[in-house]
**Q** 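My questions all concern the structure below.
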Protein chains: 2
Amino acid sequence: MTKAELPEWERYPNTGRFLLGRRRSLLSTAEKQRLEALPSDVRTLADGEVLIRRGEVLDCSAMLVDGFMIRTIWHNNERSIVSLQVPGDFVDLHGYALKRLDHDLVALGTARVAVVPHRKIDEVLATDPKLGRLLWFSTLLDAAIHREWICKLEQLQAAQRVAHIFAELWHRLEMVGLGEPGVVRTPLTQANLAEMCGVTPIHMNRSLGQLRRAGIAVFRRGSLYVEDRARLEQFGDFVSAYLYGEDGLGTLEGVLD
Amino acid sequence: MTKAELPEWERYPNTGRFLLGRRRSLLSTAEKQRLEALPSDVRTLADGEVLIRRGEVLDCSAMLVDGFMIRTIWHNNERSIVSLQVPGDFVDLHGYALKRLDHDLVALGTARVAVVPHRKIDEVLATDPKLGRLLWFSTLLDAAIHREWICKLEQLQAAQRVAHIFAELWHRLEMVGLGEPGVVRTPLTQANLAEMCGVTPIHMNRSLGQLRRAGIAVFRRGSLYVEDRARLEQFGDFVSAYLYGEDGLGTLEGVLD
DNA sequence: CGCATCCTTGAGGGCCATCAAAATGCGTGG
DNA sequence: CCACGCATTTTGATGGCCCTCAAGGATGCG
């Protein structure tokens, strides 16, 4: 196998999944190499380890290389999960422009992150506006996903909400080259799903039972099994356009320079 | 009154409220003048007029000068309001990096926007990284507000949700110099509030009645009257840090260059 | 003064929270 | 290999929040 045929994540071990399935194809080899050279360090996080705590002043950001992370917000001693991150996500690039985050960033299961000093991002912005704009783009993807979650929380009930989350997660994993047919493996617990859907773990359990009995999806110990994907997506009212994949709303033809 | 004492929105009629109460104080006079010169056009929108429709390819973005706008997402013929914008918000700057929006941008009441061609933003990024970073920052404010809404939708019930929205709106209007003591005037209807809180208009009506009977807030025909602001904020579990105001989480001391 | 929009109120039922308890699977140490 | 502790998952019963259907009242505009 020649080097040109290697998948991106083998050619670029730290950053190869960044924007994969979205606009990564717009990057030149030189730009990919430049990205790959940004991290000063790779860290391994244990399950539940907090990478960034709300309010901390930041001088670096981290790209998620392997595993999963969540963004959490605490209110009244109750934790909410407001976002789920997958490999290739520049998880706290928000912190570059914001300087402090309004939420915590927590590892879900073991995770590996590549740490990029903000100083190096300064250099990118000053010398390569196109790459800078793609970094900006990547943070706005999070915002788009947030908006979709708001819409789903406003419109759907628990079983549909979790179906939507399953469909989204599957789609995002596929985008970055981590999709398997019929199954999604995660470190998620039913309690985590409850925190994402804004219901109690007890009710999440019943909602998952409903999906199971309806033959839509089976979730067991972090693994999701789906026979009829279209049915899952229909039940969860999932339309992938908001993920700005190469196939959807954010098609590339003539849109970007 | 000398020119130096004029409020920002009189010195800079189009962009004077941009980042006001947040990081506007970091801008030099030259940079403010440069911002003020960006718009190529000012448009007036009628109530309900759609400025940007989901999926349209964009070559310009708009700053909200006067009035209110909402971001809406449609699913299954049902509309959700996922965001509320106030004067000074660069409402669809997201469209600069995303090229298309995943949602509609709609005027709530009569609104005025200043239209900025993306070509001019390109120039800013290429020549003034600091200003570029502040533009980036402003889009991430929206993401932070989205996250807070997600958390509130997950944790609170209707009366508290709407109290939170009232508290946030009041705080944001104050930041940009539009606060009045004890009252907030908007073109919002109870149906709009229902769309933001993910409940039916009927239940929103009852929730507002609950706030009224509890002496927390009176909402009548778009106007909000509050006697005890601390009580409103406590009831809605509102903590302003996520708005990155000069007083909160995003304090400026030594954080930015 | 008619009309459209917005607001208000009532009754019945479904989704989900809470309290309580038990079963299952997994890692650890005996 | 089994015993044990622990997190996770499962199940039942009761009550509250919110939806739906239905109807009526208020406000502002032409």
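Just so we're on the same page: letters track the sequence lines, and every chain starts at 1. Computed from a predicted structure; not experimentally measured.
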**Q** Residues in side chain to side chain donor-acceptor pair (under 3.5 Å) with A:S207, at least two apart?
**A** none
**Q** Looking at B:Q190, I'd like to know whether one of its side-chain N or O atoms comes within less than 4.0 Å of OP1 or OP2 on C:dT8.
**A** yes
**Q** Any chance the side chains of A:D237 and A:H164 put a donor and an acceptor closer than 3.5 Å?
**A** no
**Q** Is there side-chain contact between B:V115 and B:V42, with heavy atoms separated by less than 4.5 Å?
**A** no
**Q** Can you build the contact string for nucleotides 18-30 of chain D? Use B for base contact, S for sugar-phosphate-only contact, and - for no protein heavy atom under 4.0 Å.
**A** BSBBB----S---
**Q** A side-chain contact here means heavy atoms from C-beta on lying under 4.5 Å apart; do B:L108 and B:L188 qualify?
**A** yes
**Q** Measure the distance from CG on A:L193 to P on D:dT10 and round it to the nearest whole Å.
**A** 12 Å
**Q** Does any residue of residues 67-85 of chain A have a heavy atom under 4.0 Å from DNA chain C, and if so, which ones, in number order?
**A** none
**Q** I'd like to know if A:R79 pairs up with A:E195 as an ion pair, taking the criterion as any Lys NZ or Arg NE/NH1/NH2 lying under 4.0 Å from an Asp or Glu carboxylate oxygen.
**A** yes
**Q** For A:L188 and D:dT8, what is the distance between atoms CG and P respectively, to the nearest whole Å?
**A** 12 Å
**Q** One thing to verify: whether B:R71 and B:D92 come together as a salt bridge, which I'm taking to mean a side-chain N less than 4.0 angstrom from a carboxylate O.
**A** no
**Q** Using the salt bridge (Lys or Arg N to Asp or Glu O under 4.0 Å) rule, take A:R161 and B:E154 through it: C-alpha gap first, then chi angles, then the decisive distance, then the call.
**A** CA-CA 11 Å; A:R161 287 180 196 172; B:E154 287 177 352; over 6 Å; no
**Q** Quick one: which residue pairs count as a ring-ring contact (aromatic ring centres under 6.0 Å, His included) with a foot in residues 192-219 of chain B, not counting sequence neighbours?
**A** B:F166-B:F219
**Q** Return the angle between end axes of the helix from C:dC1-D:dG30 to C:dG30-D:dC1, with five pairs used per end and rounding to 10°.
**A** 40°
**Q** When the distance from CG of B:L153 to C1' of C:dC16 is rounded to whole Å, what number comes out?
**A** 16 Å
**Q** Looking at residues at least two apart in the chain, or sitting in another chain, which of them share a salt bridge (charged side-chain N to carboxylate O under 4.0 Å, His left out) with B:E148?
**A** B:K152
**Q** Quick check: are there more than 12 heavy atoms from other residues, nucleotides or ligands sitting under 6.0 Å from CD of B:E227?
**A** no
**Q** Between atom CD in A:Q160 and atom C1' in C:dC16, what is the gap in whole Å?
**A** 14 Å
**Q** Determine, for B:W170 and B:R229, whether the Lys NZ or Arg CZ falls below 6.0 Å from the six-membered ring centre while staying within 45 degrees of the axis.
**A** yes
**Q** Would you indicate, yes or no, if D:dT9 has its OP1 or OP2 atom less than 4.0 angstrom from a side-chain nitrogen or oxygen of A:N205?
**A** no
